[in-house]
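Heads up, the thing below is written out as structure tokens.
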Amino acid sequence: MQLTEQQDEKLSKVQLDESWKYALADFLLGAKMEHLRNFLREEKKAQKTIYPPNPEIFKALNMTPLDQVKVVILGQDPYHGPNQANGLSFSVHRGVGLPPSLRNIFHELHTDLGVPEPHHGDLTKWAKQGVLLLNSVLTVEAGQPTSHQKQGWEDFTDYVIDVVNEQREHVVFILWGAYAQRKGQRINQDRHLVLKAAHPSPLAANRGGFFGCKVFSKTNNYLTQHGIEPIDWQLDA
């Protein structure tokens with residue numbers, strides 16, 4: 001996309017990693033993003049508490065530049081409780097109790113690879129290795145799950161998936177649950193690996209289809225087969 005001087009100036013104000021900023025320029029400069037900005041502005045004017053905090057809204061993209069993406073783990077909405085959401089799907093800040101879905105993820109990781117279950121839920125180490133921990137919706141009102149759905153975030157994250165799909169090769173997409181699997185229908189499975197399983201939330205996981213899915217070992221096997229450094233999934237030293 002050839003940018004005008006005015007567009008380039010507008011884009012320069014977006015707090016986003018450069019590799020993503022220009023890959024997503026069409027969307028960031030478009031009407032849907034303007035609507036989303038106005039929506040968030042009005043929510044804050046109404047004194048509503050929004051999670052995650054402003055500097056962490058694009059954390060998944062800022063921690064994992066486009067040219068480093070090896071794996072995408074797709075979530076739905078940020079956590080809506082105090083101090084939980086940190087901008088990475090399924091992740092929470094250190095010192096915050098582990099949500100049930102994350103406990104189940106760690107249990108599967110342990111049974112799959114023998115990795116000790118971590119004592120914290122901060123997945124930053126994964127993000128730094130090329131695991132894009134992307135929620136479909138990047139903000140939420142405190143205490144109001146799904147409150148920011150259908151305001152434009154889904155279109156934005158579809159665009160992100162399209163960019164990864166088209167500009168990267170041999171990426172592993174981990175899609176837990178029907179919502180993520182529907183969103184992942186646009187992925188070219190001749191170019192990438194798509195791993196599907198039930199959602200790790202207790203209700204879905206206990207029905208079967210999550211425990212034993214072995215996505216962590218399957219991911220590393222695929223990356224290794226294509227000459228890509230596998231992920232060190234262990235979070236605790």
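Counting only distance, with no hydrogens or angles, the side chain of K183 and the backbone of Q76 share no donor-acceptor pair below 3.5 Å. When atom types are taken as modelled, the side chain of H148 and the backbone of V137 share no donor-acceptor pair closer than 3.5 angstrom. At distances below 3.5 Å, not a single donor-acceptor pair connects side-chain atoms of W176 with backbone N or O atoms of I105.
With sequence neighbours excluded, the residues satisfying side-chain hydrogen bond (donor to acceptor under 3.5 Å, both in side chains) with D162 are R186. Scored by the side-chain hydrogen bond (donor to acceptor under 3.5 Å, both in side chains) test, Q144 finds no partners at all (sequence neighbours excluded). Partners of H170 according to the ring pair (Phe, Tyr, Trp, His ring centres under 6.0 Å) rule, which considers only residues two or more places apart in sequence or in another chain, are H226. For K48, the side-chain hydrogen bond (donor to acceptor under 3.5 Å, both in side chains) partners are E43, not counting sequence neighbours. For H93, there are no ring pair (Phe, Tyr, Trp, His ring centres under 6.0 Å) partners two or more places apart in sequence or in a different chain. Residues satisfying the side-chain hydrogen bond (donor to acceptor under 3.5 Å, both in side chains) criterion with N86, sequence neighbours excluded, are S91. Judged as a salt bridge (charged side-chain N to carboxylate O under 4.0 Å, His left out), and not counting sequence neighbours, the contacts of K45 are E42. Contacts of F156 classified as ring pair (Phe, Tyr, Trp, His ring centres under 6.0 Å), with partners at least two apart in sequence or in another chain: F27, F58, W153. With sequence neighbours excluded, no residue forms a ring pair (Phe, Tyr, Trp, His ring centres under 6.0 Å) with H80. In terms of the salt bridge (charged side-chain N to carboxylate O under 4.0 Å, His left out) criterion, E166 has no residue partners (sequence neighbours excluded). Take K196 and apply the salt bridge (charged side-chain N to carboxylate O under 4.0 Å, His left out) test, not counting sequence neighbours, and it matches no residue. Under the salt bridge (charged side-chain N to carboxylate O under 4.0 Å, His left out) criterion, K21 pairs with E18, sequence neighbours left out.
Here the CZ-CG distance, from F90 to L74, works out to 8.0 Å after rounding to the nearest 0.5 Å. Note that OG of S89 is 11.5 Å distant from NZ of K59, once rounded to the nearest 0.5 Å. E154 CD to L138 CG: the interatomic distance, rounded to the nearest 0.5 Å, is 9.5 Å. Between I187 atom CD1 and Q181 atom CD the span is 10.5 Å, to the nearest 0.5 Å. Taken to the nearest 0.5 Å, the NE2 atom of H120 stands 10.0 Å off from the CG atom of L102.
Both W126 and Y79 belong to a single network of hydrophobic side chains, linked directly or stepwise wherever heavy atoms of I, L, V, M, F, W or Y lie under 4.5 Å apart. Each of L36 and V140 belongs to its own hydrophobic cluster when Ile, Leu, Val, Met, Phe, Trp and Tyr are linked at side-chain heavy-atom distances under 4.5 angstrom. No continuous path of ILVMFWY side-chain contacts below 4.5 Å connects Y179 to L175, so the two sit in separate hydrophobic clusters.
Considering only heavy atoms from C-beta on, K70 stays 4.5 Å or farther from V172 through its side chain. Taking 4.5 Å as the limit, every side-chain heavy atom of D122 sits out of range of all side-chain heavy atoms of L235. Side chains of L132 and V160 form a contact here, defined as non-hydrogen atoms less than 4.5 Å apart.
Side-chain contact, H192 with E169: no donor N or O sits under 3.5 Å from an acceptor N or O. Between T139 and Y51, the side chains place no donor N or O within less than 3.5 Å of an acceptor N or O (distance only, hydrogens not considered). Checking T146 against D77 by side-chain atom types alone, no donor-acceptor pair falls below 3.5 Å.
Here the two rings, on F210 and H199, have centers that are 6.0 Å apart or farther.
The number of heavy atoms from other shown groups lying within 6.0 Å of NZ (K128) does not exceed 12. In R168, the CZ atom is crowded: over 12 heavy atoms of neighbouring residues, nucleotides or ligands sit closer than 6.0 Å.
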Go through it in stages, so that I can follow the logic: the residues are K125 and D232, the test is salt bridge (charged side-chain N to carboxylate O under 4.0 Å, His left out), and I'd like the CA-CA distance, side-chain angles, deciding distance and then a yes or no. CA-CA 9 Å; K125 182 182 174 186; D232 175 9; 3.1 Å; yes
Determine, step by step, whether D112 and S217 satisfy the side-chain hydrogen bond (donor to acceptor under 3.5 Å, both in side chains) criterion, reporting the C-alpha distance in whole Å, the side-chain angles of both residues, the deciding distance to 0.1 Å, and the verdict. CA-CA 7 Å; D112 184 11; S217 59; 2.7 Å; yes
Checking side-chain contact (heavy atoms from CB on, under 4.5 Å) for the pair V171/V71: CA distance, chi angles, key distance, verdict? CA-CA 5 Å; V171 171; V71 181; 5.6 Å; no
So E141 and T49, side-chain contact (heavy atoms from CB on, under 4.5 Å) or not? Walk me through it. CA-CA 6 Å; E141 182 184 345; T49 300; over 6 Å; no
